[in-house]
Amino acid sequence: VRAAARRAVSGVRMAALGRDGTLLAVSDAYARFLEALAKGAKQGELSRLLVAAEGLRRDLERQTALGDVLRRPVVR
């Protein structure tokens, strides 16, 4: 499980590259969860990270269902 989580991190981050800032935040939250899982974090920390990621995902789904324009990333 830890090795699979480690491999999944880059895929999650790559899927959001060049996308809207809201999607980037969601993917980053899931990547933080996967990184913690790969490092063997304790259950409480994993739960906290997953709940945060799921909350952001629900917000994103709600926004898109309503047809809201999502945030755009800052171009540097």
Side-chain angles (χ1 to χ4, degrees):
V1 171
R2 291 169 79 178
R6 198 174 359 268
R7 288 189 302 271
V9 170
S10 61
V12 168
R13 290 190 193 265
M14 291 293 287
L17 279 180
R19 306 284 180 152
D20 174 86
T22 304
L23 183 57
L24 288 171
V26 172
S27 68
D28 187 56
Y30 278 109
R32 285 193 305 269
F33 164 74
L34 290 169
E35 288 168 340
L37 181 61
K39 292 177 183 175
K42 295 188 186 235
Q43 184 67 39
E45 178 67 5
L46 292 173
S47 293
R48 184 187 68 75
L49 290 168
L50 185 57
V51 166
E54 289 289 294
L56 289 173
R57 180 190 53 81
R58 280 191 301 278
D59 289 346
L60 173 65
E61 288 176 348
R62 186 178 68 253
Q63 285 178 294
T64 56
L66 294 172
D68 290 349
V69 175
L70 303 176
R71 295 187 316 252
R72 299 287 176 208
V74 176
V75 178
R76 296 176 196 219

Sequence-distant partners of [X], side chain to side chain contact (heavy atoms under 4.5 Å, CB included), two or more places apart:
{"X": "Leu17", "answer": "Met14"}
{"X": "Ala4", "answer": "Arg7"}
{"X": "Glu35", "answer": "Val9, Arg13, Arg32"}
{"X": "Arg57", "answer": "Val26, Tyr30, Glu54, Glu61"}

Got a list of side-chain donor-acceptor pairs under 3.5 Å for residues 37-44, not counting sequence neighbours?
{"residue": "Gln43", "atom": "NE2", "partner": "Ser47", "partner atom": "OG", "Å": "3.4"}

Query raised in the report: If Ile, Leu, Val, Met, Phe, Trp and Tyr residues are connected whenever their side-chain heavy atoms lie under 4.5 Å apart, and connections chain through other members, are Leu56 and Leu66 in the same group?
Result: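 No, no single cluster joins them.
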
Requested in this report: Return the minimal non-hydrogen interatomic distance between Val12 and Ser27, and the atom names on each side.
Outcome: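 For Val12 versus Ser27, the nearest heavy atoms are CG1-O, 3.3 Å.
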
Query raised in the report: If we only count heavy atoms from C-beta on, is the Leu24 to Asp28 side-chain gap below 4.5 Å?
Result: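 Not in contact.
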
